[in-house]
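All heavy atoms count here, side chains included; hydrogens, waters and symmetry mates do not.
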Amino acid sequence: WVYLVDALDDLQDDLKKNCYNPFIKKYCLEKGADLSIVQENAVALLNNCNVVLAESFEKLELKRFKSILMTSHKFYSFFFEEIFCVNVIF
């Protein structure tokens, strides 16, 4: 998840600098490409990851650190929405 968020965050710079990025490779992107479909698909992929993570989290029988994990979860939701201006599912 973190790797994909980083790749999405670096996408424009990687295109300009001709650096490797998994989204550039997957979508055969070139400089000046419309990135809206890439962002849309990346957000869908990240949302899918979040759903699986949330389902797994719910199955855990946490005895310690539950409040810390819940706070972290809220921070990442806020971070993603502020940085990428998209609504993610957590």
Side-chain angles (χ1 to χ4, degrees):
W1 190 91
V2 172
Y3 177 70
L4 294 174
V5 169
D6 183 56
L8 186 58
D9 185 44
D10 295 344
L11 184 56
Q12 288 182 344
D13 287 339
D14 289 345
L15 268 172
K16 288 177 189 173
K17 297 175 183 175
N18 201 28
C19 295
Y20 176 79
N21 185 300
F23 294 114
I24 294 172
K25 178 112 173 129
K26 177 174 176 51
Y27 294 97
C28 302
L29 298 174
E30 296 179 3
K31 290 180 184 177
D34 179 12
L35 303 180
S36 61
I37 190 71
V38 176
Q39 183 178 14
E40 192 176 306
N41 288 339
V43 169
L45 175 63
L46 292 167
N47 278 336
N48 185 52
C49 291
N50 292 337
V51 168
V52 171
L53 287 169
E55 289 171 351
S56 299
F57 183 81
E58 291 297 320
K59 293 177 183 176
L60 292 175
E61 295 180 23
L62 298 172
K63 296 182 180 8
R64 296 175 53 194
F65 309 116
K66 185 172 186 173
S67 62
I68 293 171
L69 292 170
M70 292 302 293
T71 302
S72 297
H73 156 340
K74 290 175 186 172
F75 168 76
Y76 285 118
S77 175
F78 170 78
F79 171 80
F80 198 76
E81 290 172 9
E82 289 299 313
I83 297 298
F84 296 109
C85 301
V86 292
N87 188 19
V88 292
I89 300 169
F90 278 94

Quiz item: Transitively linked via ILVMFWY side-chain contacts under 4.5 Å: V52 with Y3?
Solution: no
Self-check item: Evaluation steps, side chain to side chain contact (heavy atoms under 4.5 Å, CB included), between L46 and V5
Solution: CA-CA 8 Å; L46 292 167; V5 169; 3.9 Å; yes
Exercise. Would you check if the side chain of N21 reaches a backbone N or O of A7 as a donor-acceptor pair within less than 3.5 Å?
Key: yes
Spacing of [X] atom [atom1] and [Y] atom [atom2] [to the nearest 0.5 Å]:
X: L29; Y: L15; atom1: CG; atom2: CG; value: 5.5 Å
X: Q12; Y: I24; atom1: CD; atom2: CD1; value: 10.5 Å
X: F23; Y: D10; atom1: CZ; atom2: CG; value: 10.5 Å

Exercise. For D14 and Y20, work out which heavy atoms get closest and say how close.
Key: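 D14 and Y20 have their closest heavy atoms at OD2-O, 3.5 Å.
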Quiz item: Which pairs count as side chain to side chain donor-acceptor pair (under 3.5 Å) when at least one residue sits in residues 22-35, sequence neighbours excluded?
Solution: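 Sorted result for residues 22-35: Y27-N41, D34-S36.
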